[in-house]
Novice: 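Dumping the structure here so I can ask a few things about it.
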Protein chains: 2
Amino acid sequence: MATSTVENYLKATLLHEQENDGIVPMGALVEALGVVPGTVTTMVKAMAAQGLMEHESRQGVRLTPVGRALALGVLRKHRLVETFLVRTLKMDWSEVHDEAEALEHAVSNRVLERIDEFLGHPTADPHGDPIPNQEGVIADTATQVTMQGCAINKSLQVTRILDQSPDFLAYVQDTGLKPGTRVKVLRREEASGVVRCETKIGHEIALGLTAAAKIVVGAVA
Amino acid sequence: MATSTVENYLKATLLHEQENDGIVPMGALVEALGVVPGTVTTMVKAMAAQGLMEHESRQGVRLTPVGRALALGVLRKHRLVETFLVRTLKMDWSEVHDEAEALEHAVSNRVLERIDEFLGHPTADPHGDPIPNQEGVIADTATQVTMQGCAINKSLQVTRILDQSPDFLAYVQDTGLKPGTRVKVLRREEASGVVRCETKIGHEIALGLTAAAKIVVGAVA
DNA sequence: AAGTCTATTTTGAATACTCGAAATGCAAGC
DNA sequence: GCTTGCATTTCGAGTATTCAAAATAGACTT
């Protein structure tokens with residue numbers, strides 16, 4: 001079995017591979033895991049020896065198929081646990097990340113599949129991030145549109161938040177732009193970079209371009 | 001924070017103190033934790049230095065108030081998690097022990113209190129073992145009576161199973177003598193040591209004295 | 001081409017936990 | 001009182017993970 005440290009390295013690598021393409025630089029893992037560079041080098045070598053990743057010296061790492069499969073399993077646990085904490089235990093969706101971080105290493109597959117069933121096989125967690133299925137397949141996200149690029153004056157709904165930092169989560173909470181919320185972009189002010197929109201409740205909101213780029217929207221069901 | 005290893009040593013010590021009185025011999029921890037004697041000596045010394053237990057050389061250990069409080073917290077987590085796995089996730093009550101063993105170290109107090117609330121503040125886990133409350137107080141168990149010593153021909157119910165081994169749990173499952181089940185002891189055959197009883201469903205069962213001594217019964221509500 | 005900057009690697013050391021095997025203390029029996 | 005036996009302790013060593021600090025490789029300037 002992989003230790004929780006190893007699982008964390010796998011997950012961080014997978015997440016980076018998903019966001020950017022090509023090799024994952026050591027610095028990205030240093031950043032994501034909050035350790036010093038030397039530690040990452042040591043761990044990466046050990047994991048490469050175990051066949052979980054490939055290490056190109058002075059370049060970075062890449063997951064092997066085995067490593068990727070394990071990483072997807074960890075991601076699945078993380079996101080199902082988050083969903084569970086919010087939906088069933090009524091915890092605040094902006095505070096469940098750290099809890100899930102700890103639990104993802106302790107939940108067995110047996111328990112996980114019970115949770116999955118209990119929740120009705122959800123495909124996205126409370127932040128809208130897709131949940132890999134048991135085989136590690138993730139629903140397509142290539143065609144995603146954010147509030148920065150979506151159609152104007154069309155009734156849409158928030159489907160995903162791309163920035164998980166507590167700050168941004170609090171901001172989203174504040175404006176009410178959580179996954180599931182109906183929104184319509186009224187207009188974009190090119191000069192100032194302000195995006196004006198209104199929510200279902202009639203509330204009108206102005207948000208900056210960077211913020212708009214982090215909120216994914218889709219058609220209403 | 002205590003590591004999960006430390007939590008396991010604390011819990012094992014508490015459990016032994018509850019079953020037997022006086023000092024807990026090192027051998028008891030060796031047995032309970034599945035490590036070699038030298039390891040226990042090393043850990044115990046470290047924990048004594050941290051003020052979690054007192055170590056009498058060549059004798060054994062005793063929890064300090066601080067250690068006991070922590071141990072009760074771990075026990076509370078273990079038992080609430082077990083209850084949750086059985087009641088909410090519909091897992092088999094004879095197989096949840098190992099799962100809870102892993103989860104008890106990963107569940108935060110915040111999550112734990114949500115689970116407690118979700119379950120309606122239960123006072124006993126699926127095996128009938130009492131769940132300490134938030135202050136570490138355990139409901140009285142001194143007046144417990146087993147099927148070995150209870151009244152004859154009185155309608156009672158199973159309230160607790162004292163042996164958690166998979167074997168005995170399977171036996172209990174088999175005979176249907178789970179916590180909550182109504183039973184009446186018909187008679188005890190002194191010579192053979194057989195205890196005859198009948199369950200609510202009219203089923204008549206014969207069980208040995210050792211088995212009878214592991215099944216706690218109480219008045220029906 | 002030489003020099004500089006930065007990411008990465010190396011090295012040496014620490015912590016927490018574990019083992020196996022040898023040494024020791026103590027209680028019980030003869 | 002001496003010996004035996006078992007529980008416990010000590011000792012030396014190994015794994016996994018981490019850090020701080022020094023060394024190095026490449027890429028980027030000038």
Side-chain angles (χ1 to χ4, degrees), chain A residues 1-13 16-17 19-63 66-67 70-71 74 101-102 104-106, chain B residues 1-13 16-17 19-63 66-67 70-71 74 101-102 104-106:
Chain A
M1 272 301 118
T3 64
S4 27
T5 304
V6 167
E7 288 187 345
N8 282 144
Y9 277 76
L10 288 172
K11 192 180 63 168
T13 308
H16 194 278
E17 279 189 352
E19 293 299 308
N20 320 267
D21 38 50
I23 205 161
V24 179
M26 306 302 268
L29 296 180
V30 168
E31 165 93 12
L33 297 161
V35 292
V36 300
T39 302
V40 170
T41 302
T42 308
M43 276 303 293
V44 155
K45 280 190 172 175
M47 289 173 70
Q50 288 182 248
L52 301 177
M53 37 174 66
E54 284 164 28
H55 180 207
E56 306 282 344
S57 195
R58 305 250 163 208
Q59 303 274 162
V61 292
R62 227 187 302 272
L63 290 173
V66 173
L70 286 176
V74 178
E101 205 68 35
E104 69 192 6
H105 309 297
Chain B
M1 273 302 117
T3 64
S4 25
T5 305
V6 167
E7 289 188 343
N8 282 144
Y9 276 77
L10 289 172
K11 192 181 62 169
T13 309
H16 194 278
E17 279 189 351
E19 294 298 308
N20 320 267
D21 39 51
I23 205 161
V24 179
M26 306 302 269
L29 297 180
V30 168
E31 165 93 14
L33 297 162
V35 292
V36 300
T39 302
V40 170
T41 302
T42 308
M43 276 302 294
V44 155
K45 280 190 172 174
M47 290 173 69
Q50 288 182 248
L52 302 177
M53 37 176 63
E54 283 163 28
H55 180 207
E56 306 283 342
S57 196
R58 306 255 162 201
Q59 304 276 157
V61 292
R62 227 186 303 272
L63 289 173
V66 174
L70 286 176
V74 179
E101 205 68 35
E104 68 192 7
H105 309 297

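Residue numbers begin at 1 in each chain, while the letters A, B, ... track the order of the sequences. All figures in this text were calculated on a predicted structure; none of them were measured in a lab.
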Novice: Return the value, rounded to whole Å, for the distance between atom CG of A:Leu10 and atom P of D:dT17.
Specialist: 11 Å
Novice: Rounded to whole angstrom units, what separation is found between the CD atom of B:Glu56 and the P atom of D:dT9?
Specialist: 11 Å
Novice: For DNA chain C, what residues of residues 22-36 of chain A have any heavy atom nearer than 4.0 Å?
Specialist: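 Within this stretch, A:Pro25, A:Met26, A:Gly27 sit under 4.0 Å of the strand.
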Novice: Heavy-atom distance under 4.5 Å between the side chains of B:His16 and B:Leu29, does that happen here?
Specialist: no
Novice: Return the minimal non-hydrogen interatomic distance between A:Val6 and A:Ala2, and the atom names on each side.
Specialist: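 Heavy atoms of A:Val6 and A:Ala2 come nearest at CG1-CB, 3.9 Å.
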Novice: For the helix from C:dA1-D:dT30 to C:dC30-D:dG1, what is the angle between the axes at its two ends, each from 5 pairs, rounded to 10°?
Specialist: 20°
Novice: Measuring from A:Met53:CE to A:Leu10:CG, what's the distance to the nearest 0.5 Å?
Specialist: 5.5 Å
Novice: Heavy atoms, side chains only, cut-off 4.5 Å: are B:Glu101 and B:Lys11 in contact?
Specialist: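 Heavy-atom side-chain distance check passes, below 4.5 Å.
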Novice: Between A:Glu17 and A:Leu63 (side chain of the first, backbone of the second, donor and acceptor by atom type, cut-off under 3.5 Å), is there such a pair?
Specialist: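 Yes: the side chain of A:Glu17 pairs with the backbone of A:Leu63.
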Novice: With a 4.5 Å cut-off on side-chain heavy atoms, are A:Met26 and A:His55 touching?
Specialist: yes
Novice: Could you give the distance from CE (A:Met47) to OG1 (A:Thr5), rounded to the nearest 0.5 Å?
Specialist: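 Going from CE on A:Met47 over to OG1 on A:Thr5, the span is 9.5 Å.
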Novice: Give me the distances for all protein-to-nucleotides 10-16 of chain D N/O pairs that come in under 3.5 Å?
Specialist:
residue, atom, partner, partner atom, Å
D:dT10, OP2, B:Lys45, NZ, 2.2

Novice: Do the non-hydrogen side-chain atoms of B:Val66 and B:Gln50 ever get within less than 4.5 Å of each other?
Specialist: no
Novice: Can you tell me if the side-chain N/O atoms of B:His55 get under 4.0 Å from OP1 or OP2 in D:dT9?
Specialist: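 The answer is yes; a side-chain N or O of B:His55 sits under 4.0 Å from OP1 or OP2.
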Novice: With a 4.5 Å cut-off on side-chain heavy atoms, are B:Ser4 and B:Glu104 touching?
Specialist: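 SC-SC contact between B:Glu104 and B:Ser4 ruled out.
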Novice: Check this one for me: any side-chain N or O of B:Tyr9 less than 4.0 Å away from OP1 or OP2 of C:dT18?
Specialist: yes
Novice: Any non-hydrogen side-chain atom of A:Thr3 less than 4.5 Å from a side-chain atom of A:His105?
Specialist: no
